[in-house]
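Below is one structure, written out as structure tokens; comments come after it.
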Amino acid sequence: MKHADCPVVDVTVEVAAAPERVWELVSDIAVIARLSRETKSVEWVDGAAGPAVGHRFRGVNEHEAAGQWTTESTVVVCDAPRAFQWDVGAAQAPAASWGYELQAVPAGTRLRGWGRLGPGPSNLTKVIEKFPEKEERIVARRLEEFQAGVAKTLAGIKTLAET
């Protein structure tokens, strides 16, 4: 798999809580940051105080191999209580996209969390440029990290929603 393929990882969990309760959690960027493996802090910018399409937030991230960096993200889907998504970086070519899809089921909510690499540049593309012969291995490793991160975040949302 290559970065240009814009690969996606996703995880689905069943949450014993109403979609409205799960929505409160997935659309709260502070909760998402608290549960994230890499995001250390977030804040709304440009006077935004909560989620809405077009609202932007800044995140401080950290990774053992990449150090610390700051991102700017834009909410691109905010459809309560069904879907929430943001793009990281430039709107025309985000470095990554993240989202949640909620579906009411008899036992509560089916929650799908996903992350997509690219198509825009990121810290990962800088590494690929240095080691182009290792691109598939680099992308595969990053996707493993994305998958583990999404799974951890969804497990945390499930725990918070069910308590």
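Using a 4.5 Å cut-off on side-chain heavy atoms (C-beta onward), V139 and P7 make contact. Residues L124 and H3 form a side-chain contact, since some pair of their non-hydrogen atoms from C-beta on lies under 4.5 Å apart.
Inspection of the D87 and S97 side chains reveals an N or O donor paired with an N or O acceptor under 3.5 Å. When only modelled atom types and interatomic distance are considered, H63 and Q68 share no side-chain donor-acceptor pair under 3.5 Å.
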>> For T39 and V60: C-alpha separation, side-chain torsions, deciding distance, then whether side-chain contact (heavy atoms from CB on, under 4.5 Å) applies.
In response: CA-CA 6 Å; T39 304; V60 176; over 6 Å; no
> Going through the checks in order, is the side-chain contact (heavy atoms from CB on, under 4.5 Å) test met by L160 and R34?
Replying inline: CA-CA 12 Å; L160 290 170; R34 186 176 53 156; 3.2 Å; yes
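In this structure, E24 pairs ionically with R21, as a charged nitrogen and a carboxylate oxygen lie closer than 4.0 Å. Classification of R82 and E101 as a salt-bridged pair fails, no side-chain N sitting under 4.0 Å from a carboxylate O. A salt bridge is defined here as a Lys NZ or Arg NE, NH1 or NH2 lying under 4.0 Å from an Asp or Glu carboxylate O, and R142 with E38 meets this definition.
Residues V53 and V76 come closest through the heavy atom pair CG2-O, 3.9 Å. In this structure, R56 and E72 approach most closely via the heavy-atom pair NH2-OE1, 3.2 Å. Pairing each heavy atom of V11 with each of L154, the nearest pair is O-CD2, 3.3 Å.
Aromatic ring pairs are classed by plane angle as parallel below 30°, tilted from 30° to 60° and perpendicular above 60°; the pair W98 and F146 is tilted. Using bins of under 30°, 30° to 60° and over 60° for the plane-to-plane angle, the ring pair W86/Y100 lands in the tilted bin.
At least one donor-acceptor pair under 3.5 Å links the side chain of H55 to the backbone N or O of G50.
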